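What follows is one structure encoded as structure tokens, with my remarks underneath.
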Protein chains: 2
Amino acid sequence: MARMSTRAAGRVTIAHVAAEAGVSRATVSRVMNGLASVDPAIGERVRAAAAKLNYSPNTVARSLAIGRTQTVAIVVPDLANPMFQETLRGLSRAAARDGYRVLVADSVENPAEEVILAREARRRCDALVLVAPRMDAEQLEALLPELAPAVLVNRASAVPGIPVLSVDYASGIRSIVDHLQDLGHRRIAYVAGPAASHGDKARREGLSRPLHPVEGAEVIEIPCGAMFEDGHAAAQAVLASGATAAVCFNDLVAMGLLGALHEEGVDVPGRLSVTGFDDIPFARYTSPALTTASVPQTHLGEQAWVRLWALLEGREPEHDVDVKPSLVVRASTGRVRADA
Amino acid sequence: MARMSTRAAGRVTIAHVAAEAGVSRATVSRVMNGLASVDPAIGERVRAAAAKLNYSPNTVARSLAIGRTQTVAIVVPDLANPMFQETLRGLSRAAARDGYRVLVADSVENPAEEVILAREARRRCDALVLVAPRMDAEQLEALLPELAPAVLVNRASAVPGIPVLSVDYASGIRSIVDHLQDLGHRRIAYVAGPAASHGDKARREGLSRPLHPVEGAEVIEIPCGAMFEDGHAAAQAVLASGATAAVCFNDLVAMGLLGALHEEGVDVPGRLSVTGFDDIPFARYTSPALTTASVPQTHLGEQAWVRLWALLEGREPEHDVDVKPSLVVRASTGRVRADA
DNA sequence: CACAGCATAGCAACCGGTTACGCATGCCCG
DNA sequence: CGGGCATGCGTAACCGGTTGCTATGCTGTG
């Protein structure tokens, strides 16, 4: 049985239009692309023929001929994660403004798959945005050159020609810790992320080098993860740690923790202050609203496009970006209690 | 200056491999596609040549030749909305399992743009998933035939050959109202969605035909919207209405409302019960956890793929789906207070 | 031993556009 | 009035694969 396909049975091609208008295919092509040096009268005849036949050019054929697909790919580790969704959205909207479309590939948190996907996605498109916080650094360096033009989001690398958009997690964490210490907190729990992740490593670094060292300050580390459930499950350990504040790996973990604390009847921030990281859209609407460090992920997606666009146009891309997250104080943090 | 492009300077083509292996391009093609009737020895030589030259076939050229792109498009009104993100994720993962990739197009809530986008996206791909809750019904019917193969998500239509995956919003709302009435609520506020949307119309229908009519029951309608801010802004109106329960258009509105109520110090569910709709991943982690009607959007995305896949393979797609949302009772609803 | 029949690889057309090049036409100007 | 040049369109090659048809060589059989 015949497969349904792009090549639908009676699909009208440029040859049909040419015949209808009584000109050559070349002329039709020139008219469709608005190229100069075609007689206005003929141009009109061609447009009329195209309209009559309801012609629209075959994108694939065009791509093959001109060597560009007008499409870029983005590879993310998990489409369920709000951060990557934001990046995708920023990229998609920015690219759309320049007439480009976006192909998504979700590696479902599988680093091995990620390499395959990146290669394959890149081959289908003109350029690639790679978001791979878990990928082994060495493997990444080896992979990057063959992906160009490409940009790397959310982690550092030093491959020439590959723009990097990174987030200064350490500085973000420091501003959070600073804020908590200002409120009098001394014993702080770090509800940690996935051990293998670049982001977790960077956050630890921030914890170990406080901005304004304070007498008697200490950080207790609590192994956790990156999702709601992880935060929810970590509640007991956090409470048992004797900390007066919990600095969570990200907003999802913080929300999971908040949920568990609410179920336990623990007062936030009275008994325990809680902070997140990322400032996902939902962070503003938790109860209490979440204090967090804002990472402008949508903006990173847009900036990724700006750089890809420069590379595609043969221009020099703008300088790399290293965003400093900004502290957003909401209701989930408060002054440490006198009796604590 | 030469543009960077898919056609990189020294890109190795099938002709190079053929030359290297001392065979024709046709033979290389057959080997690469694992077609029968090629001498094992030659097959090995070709594979060796391909490996040596690091050859990988040009996807665009292949697509042109075989008339398939192995890509499907999805058009959504707003990539920031968790519901559409879920659909995208379900689609993307299911399609990936069958070797297909997904192109996304975000109409940014612009119905006019939506039509253009859908046409264009469809032309680049083998098939289309259309999520267009706001699009005018007449326009939709006119558009659908030329999009085939395609499936329509989240709304009804009767164009033959276009599978539909719809959600029975009315039934979902009825189960929520039922639940509230069981808890003793009589005066219920409906915090409404966008007037133009298909979903809002369907929900109203559910409200007007309760499952188990109850003496003295009444519904007060409060105009609102579909986002956090809308729900947040509607808090005063809800409180002023004298209702003991608020049925929100969706989870986002409910979360906005919960946030405002928390700020006002209003006890939920003591003073006011609140329900959402959709059961987005965050609904479980609000405080209090949100009672809502669960719409399996990821599943819809997967089912969309199953049907597209059938159409692409020339098979008869499975019957249409009309999901009945299931009530998920959490902590944001409770028995009406005696003194209310 | 001759010939039918089959397995295998190459030729060439094709997918549907784009574009370098060349030819024909007409205009300007010497 | 003729040469030069600009303009405008068609011819054909090309993008990089796939595939129907055919030619060749080998095997098996009568």
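All heavy atoms count here, side chains included; hydrogens, waters and symmetry mates do not. Quick caveat, the model's predicted, so the values are computed rather than measured.
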Using atom [atom1] of [X] as one end and atom [atom2] of [N] as the other, report the distance to the nearest whole Å.
X      : N      : atom1 : atom2 : answer
B:N33  : D:dG16 : CG    : P     : 17 Å
A:M32  : C:dT18 : CE    : P     : 9 Å
B:N58  : D:dC14 : CG    : C1'   : 13 Å
B:L64  : C:dT18 : CG    : P     : 12 Å
B:R62  : D:dG17 : CZ    : P     : 10 Å
B:I66  : D:dG17 : CD1   : P     : 12 Å
B:R124 : C:dG17 : CZ    : C1'   : 15 Å
A:L53  : C:dG16 : CG    : C1'   : 15 Å

Does D:dG16 have OP1 or OP2 sitting under 4.0 Å from an N or O in the side chain of B:Y55? no

Is A:T13 close enough to C:dG16 that one of its side-chain N or O atoms is under 4.0 Å from OP1 or OP2 there? no

Counterpart residues, salt bridge (charged side-chain N to carboxylate O under 4.0 Å, His left out), relative to [X] (two or more places apart):
X      : answer
B:E318 : none
A:E120 : A:R124, B:R101
B:D322 : B:K324

Atom CG in A:L88, atom CZ in A:R93: separation rounded to 0.5 Å? 10.0 Å

Identify, with sequence neighbours excluded, every residue that meets side-chain hydrogen bond (donor to acceptor under 3.5 Å, both in side chains) alongside A:E86. A:R89, A:T298

Nucleotides 9-13 of chain C: which of its N/O atoms have a protein N/O under 3.5 Å away?
unit_1	atom_1	unit_2	atom_2	d
C:dA9	OP1	B:D39	N	3.4
C:dA9	OP2	B:D39	N	2.8
C:dG10	OP2	B:S24	N	2.9
C:dG10	OP2	B:S24	OG	3.1
C:dG10	OP2	B:T27	OG1	2.7
C:dG10	N7	B:R30	NH1	3.3
C:dG10	O6	B:R30	NH2	2.6

What pairs with [X] under side-chain contact (heavy atoms from CB on, under 4.5 Å), at least two apart in sequence or on another chain?
X      : answer
A:A142 : none
A:V159 : A:E141, A:L144, A:P145, A:S157, A:I162
B:A105 : B:V75, B:L117
B:P163 : B:V151, B:R307, B:L311, B:P317, B:D320

Between A:W305 and A:Y100, how do the two ring planes meet: parallel, tilted or perpendicular, split at 30° and 60°? tilted

Axis deviation across the helix from C:dC1-D:dG30 to C:dG30-D:dC1, five-pair ends, to the nearest 10°: 60°

Pairs meeting criterion side chain to side chain donor-acceptor pair (under 3.5 Å) with involvement of residues 109-118 of chain A, two or more places apart: A:S107-A:E114

Close N/O contacts between protein and nucleotides 22-27 of chain C (under 3.5 Å):
none

